[in-house]
Participant: 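Input: one structure, supplied below.
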Amino acid sequence: MSIKNRKRVLVTGGAGFLGSHLCERLLQDGCDVLCVDNFYSGVKDNIAHLLGNAHFELLRHDVTFPLYVEVDEIYNLACPASPIHYQWDPVQTTKTSVHGAINMLGLAKRVKAKILQASTSEVYGDPDMHPQREEYWGRVNPIGLRACYDEGKRCAETLFFDYRRQHTLQIKVARIFNTYGPRMHPNDGRVVSNFIVQALRNAPITIYGSGEQTRSFCYVDDLIEGLVRLMDSADEITGPINLGNPTEFTIRELATEVIRLTDSKSSLIYKALPADDPRQRQPDIDRARTVLGWEPQTDLAEGLVRTIGYFRQSLGD
Ligand code: NAD
Ligand code: UDP
């Protein structure tokens, strides 16, 4: 790409798990990348390898405050994603989703940038429609422990569609389902990282509840491909659009697979199920297949092997 038409792309939450992979991908695609993060749950190590790249810039900034920069596209990923992180300071979590969305939408409006929101399957709550389609309005407890995240993300979606209707902004809303891969934080309590770390240490694998609850796990590279395709899609494609891997597993099946792939001596132990823990989750990705020509390419075993390799190295086990 020549200097003249290099796209200037802002990634909020760029030092996080997904954000760091997205920054990498955008640099490979020839973009100028501005990574904005306040390091609430992200770490500098995730992007340290990009700091020497002349087309990468890092700005420590909290998106709950206004930001004045000149960009062509905005990926709004800033928000802690794991229950441990987002429940640690729930008021800040809601502020990040809601004030962050207002500030980034205001920025997009001023500079006429296209803006993508990293929304979540949590907008469906503990769903009574299975698998979840985009038309489903969800079943969320508005006052529970997960509400700061779920309702914050729902309000952000509202803001995106109101800015579209009121100010004709170019918006894209991705509803991301559980994603895993290298650079997940080892202590963020998410199930894939927890199980891999426990298995590598031959420590008991902690299953919450009966382990019969289900999730559908998407490998990070597949997810990033979906986000980039959505951003590049035609103006009338606003979403919301589900991005995730539709292959569903019980949490017990995941534990067994992690033990097998790590050749671990870990046993399974059962702990209390956290409040409002969704019983089942599986994306219907018909819309993403039709509109973006996208579907995940990496099966669970292959993605877990790569993620286990990362944790083996980073933990030094
Ligand atoms: P993460 O916690 O690793 O990354 C989030 C990043 O946002 C971190 O670097 C954090 O420091 C930063 N951040 C938080 N509050 C901020 C603020 N006020 N100002 C600036 N930066 C702030 O999480 P992730 O897994 O990379 O998730 C990224 C996005 O994708 C989030 O919006 C999340 O809700 C969404 N998402 C992720 C998943 C998943 O499975 N990983 C699923 C659904 C949705
Ligand atoms: N979980 C578990 N053991 C753990 C961590 C999580 O059994 O050590 C369960 C958790 O109760 C939930 C599922 O795994 O049912 C996925 O949890 P995670 O926090 O990764 O994502 P979310 O609940 O937000 O989908």
Side-chain angles (χ1 to χ4, degrees), residues 11-23 35-44 46-47 59-65 67 75-87 89 92-101 103-104 116-123 126 146 149-150 152-153 156 174-181 183-185 188-198 204-218 220 223-224 227 242-244 249-252 254-255 258 268-281 283:
V11 179
T12 75
F17 160 50
L18 296 182
S20 61
H21 286 274
L22 179 61
C23 288
C35 165
V36 163
D37 208 295
N38 70 347
F39 302 108
Y40 175 93
S41 54
V43 291
K44 284 186 190 152
N46 284 344
I47 36 117
L59 177 65
R60 181 193 284 263
H61 174 81
D62 182 328
V63 295
T64 63
F65 297 96
L67 176 67
Y75 287 86
N76 189 35
L77 272 61
C79 186
S82 85
I84 287 185
H85 283 147
Y86 71 64
Q87 289 170 15
D89 188 348
Q92 171 68 11
T93 299
T94 302
K95 280 187 188 169
T96 292
S97 276
V98 178
H99 294 192
N103 288 328
M104 292 309 110
L116 180 147
Q117 168 68 355
S119 191
T120 170
S121 53
E122 294 281 334
V123 300
D126 188 5
R146 294 175 85 105
Y149 184 74
D150 303 6
K153 289 286 188 177
R175 289 187 181 152
I176 302 170
F177 283 65
N178 298 63
T179 302
Y180 70 100
R183 298 200 203 116
M184 292 185 89
H185 199 287
D188 76 3
R190 282 189 265 194
V191 69
V192 174
S193 43
N194 263 14
F195 285 4
I196 292 178
V197 171
Q198 290 162 345
I205 304 262
T206 53
I207 294 192
Y208 301 160
S210 66
E212 285 303 305
Q213 71 271 36
T214 68
R215 294 293 187 274
S216 310
F217 300 101
C218 184
V220 61
L223 194 275
I224 298 299
L227 290 180
N242 290 339
L243 294 179
F249 294 89
T250 66
I251 294 304
R252 194 160 346 103
L254 174 71
V258 169
L268 303 183
I269 57 164
Y270 291 85
K271 296 199 159 192
L273 191 67
D276 296 331
D277 199 276
R279 285 157 300 153
Q280 51 184 10
R281 198 183 282 146

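Quantities reported herein were computed from a predicted structural model and do not represent experimental measurements. For ligands, and for the atoms within them, numbers begin at 1 and follow the listed sequence.
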Participant: Any atoms of ligand 1 less than 4.0 Å from a non-hydrogen atom of A78? List them with their elements.
Facilitator: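 Near A78, meaning under 4.0 Å from one of its heavy atoms, ligand 1 has 7 (O), 20 (C), 21 (N), 22 (C).
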
Participant: Taking only heavy atoms of H61, which atoms of ligand 1 are found under 4.0 Å from at least one of them?
Facilitator: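 Close to H61: 19 (N), 20 (C).
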
Participant: Please identify which atoms of ligand 1 are closer than 4.0 Å to at least one heavy atom of Y40.
Facilitator: 11 (O), 14 (C)

Participant: Give the numbers and elements of all ligand 2 atoms closer than 4.0 Å to a heavy atom of N194.
Facilitator: 4 (C), 5 (C), 8 (O)

Participant: Can you tell me which portion of H85 lies within the under-4.0 Å heavy-atom range of ligand 1? Options are side chain, backbone, both, or neither.
Facilitator: neither

Participant: List every atom of ligand 1 that sits less than 4.0 Å from any heavy atom of S119, numbering the atoms from 1 in the order shown and giving each element.
Facilitator: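 Ligand 1 atoms under the 4.0 Å threshold to S119: 44 (C).
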
Participant: Which of the numbered atoms in ligand 2 are under 4.0 angstrom from any heavy atom belonging to I207?
Facilitator: 7 (O)

Participant: So which heavy atom in the protein is nearest atom 18 (N) of ligand 1, and how far is it from that ligand atom?
Facilitator: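 Answer, as residue, atom name and distance: D62 OD1, 2.9 Å.
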
Participant: Among I269, I251, D276, which residue places a heavy atom closest to atom 13 (C) of ligand 2?
Facilitator: I251

Participant: With atoms numbered from 1 as shown, which atoms in ligand 2 lie under 4.0 angstrom from a non-hydrogen atom of N178?
Facilitator: 21 (O), 22 (P), 25 (O)

Participant: For atom 19 (N) of ligand 1, what's the nearest protein heavy atom and its distance?
Facilitator: V63 N, 2.9 Å

Participant: Run the numbers for me: atoms of ligand 2, each under 4.0 Å from some heavy atom of Q213, listed by number.
Facilitator: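 It comes down to these atoms of ligand 2: 9 (C), 11 (O), 15 (O).
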
Participant: Out of S41, A174, G42, G152, whose heavy atom sits nearest atom 1 (P) of ligand 1?
Facilitator: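 Nearest option to atom 1 (P) of ligand 1, by heavy atoms: S41.
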
Participant: For ligand 2, which atoms sit closer than 4.0 Å to a heavy atom of R281?
Facilitator: 22 (P), 25 (O)

Participant: I need the I205 CD1 to I251 CD1 distance, nearest 0.5 Å.
Facilitator: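 Answer for the CD1-CD1 pair, I205 versus I251, is 12.0 Å.
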
Participant: Judged on heavy-atom distance to atom 24 (O) of ligand 2, which of E212, K271, R146, R215 sits nearest?
Facilitator: R146

Participant: So which heavy atom on N242 is nearest to which on P283, and how close?
Facilitator: CB-CB, 4.3 Å

Participant: Closer than 4.0 Å to some heavy atom of C79 - which atoms of ligand 1 meet that?
Facilitator: 5 (C), 7 (O), 13 (N), 14 (C), 31 (C), 32 (O)

Participant: Please work out which of L77, L22, L67 has its closest non-hydrogen atom nearest to atom 28 (C) of ligand 1.
Facilitator: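 Looking at heavy atoms only, L77 sits closest to atom 28 (C) of ligand 1.
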
Participant: Please classify the Q92 to ligand 1 contact at 4.0 Å (heavy-atom distances, strictly less than): side chain, backbone, both or neither.
Facilitator: side chain

Participant: Looking only at heavy atoms, which two atoms of L243 and A174 are closest? And how far apart?
Facilitator: CD1-CB, 3.9 Å

Participant: Short list, please: which atoms of ligand 1 are under 4.0 Å from a heavy atom of F39?
Facilitator: 11 (O)

Participant: Can an N or O of Q198 be found at a distance shorter than 3.5 Å from an N or O of ligand 2?
Facilitator: no

Participant: Hey, which atoms in ligand 2 end up nearer than 4.0 Å to a heavy atom of P83?
Facilitator: 19 (O)

Participant: Looking at every heavy atom in both D37 and A15, which two are closest together, and how far apart are they?
Facilitator: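 Taking D37 first and A15 second, the nearest heavy atoms are OD2-N, 2.9 Å.
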
Participant: Is any side-chain N of the basic residue among E122 and K153 closer than 4.0 Å to the acidic one's carboxylate O?
Facilitator: no

Participant: Classify the contact between S82 and ligand 1 as side chain, backbone, both or neither, using a heavy-atom distance cut-off of under 4.0 Å.
Facilitator: neither

Participant: At their closest point, which heavy atom of L273 faces which heavy atom of Q213, and how far apart are they?
Facilitator: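 For L273 versus Q213, the nearest heavy atoms are CD1-NE2, 3.5 Å.
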
Participant: Would one find an N or O of T206, backbone or side chain, under 3.5 Å from an N or O of ligand 2?
Facilitator: yes

Participant: Can you name the atoms of ligand 1, numbered from 1 with element, that are less than 4.0 Å from a heavy atom of N178?
Facilitator: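 So the answer, numbered in order with elements, is 40 (O).
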
Participant: Numbering the atoms of ligand 2 from 1, which are under 4.0 Å from a heavy atom of E122?
Facilitator: 24 (O)

Participant: Could you pull out, from V36, T12, D37, the option with a heavy atom nearest to atom 9 (O) of ligand 1?
Facilitator: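 Looking at heavy atoms only, D37 sits closest to atom 9 (O) of ligand 1.
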
Participant: I need the contact type for K153 against ligand 1. Using non-hydrogen atoms and a strict under-4.0 Å cut-off, is it side chain, backbone, both or neither?
Facilitator: side chain

Participant: Closer than 4.0 Å to some heavy atom of G189 - which atoms of ligand 2 meet that?
Facilitator: 5 (C)

Participant: Counting heavy atoms only, name the option from L59, V11, N38 that's nearest to atom 16 (C) of ligand 1.
Facilitator: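 Minimum heavy-atom distance to atom 16 (C) of ligand 1 goes to N38.
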
Participant: Using heavy-atom distances, let me know which of V43, L18, N76 sits nearest atom 30 (O) of ligand 1.
Facilitator: L18

Participant: For ligand 2, is any non-hydrogen atom under 4.0 Å from D277's backbone (N, CA, C, O), its side chain (CB onward), both, or neither?
Facilitator: side chain

Participant: Below 4.0 Å, non-hydrogen atoms only: which portion of Y149 touches ligand 1? Side chain, backbone, both or neither.
Facilitator: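 Under 4.0 Å from ligand 1, Y149 contributes side-chain atoms alone.
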
Participant: Quick one: does P274 get an N or O within less than 3.5 Å of an N or O on ligand 2?
Facilitator: no

Participant: Is any side-chain heavy atom of D276 closer than 4.5 Å to one of D126?
Facilitator: no

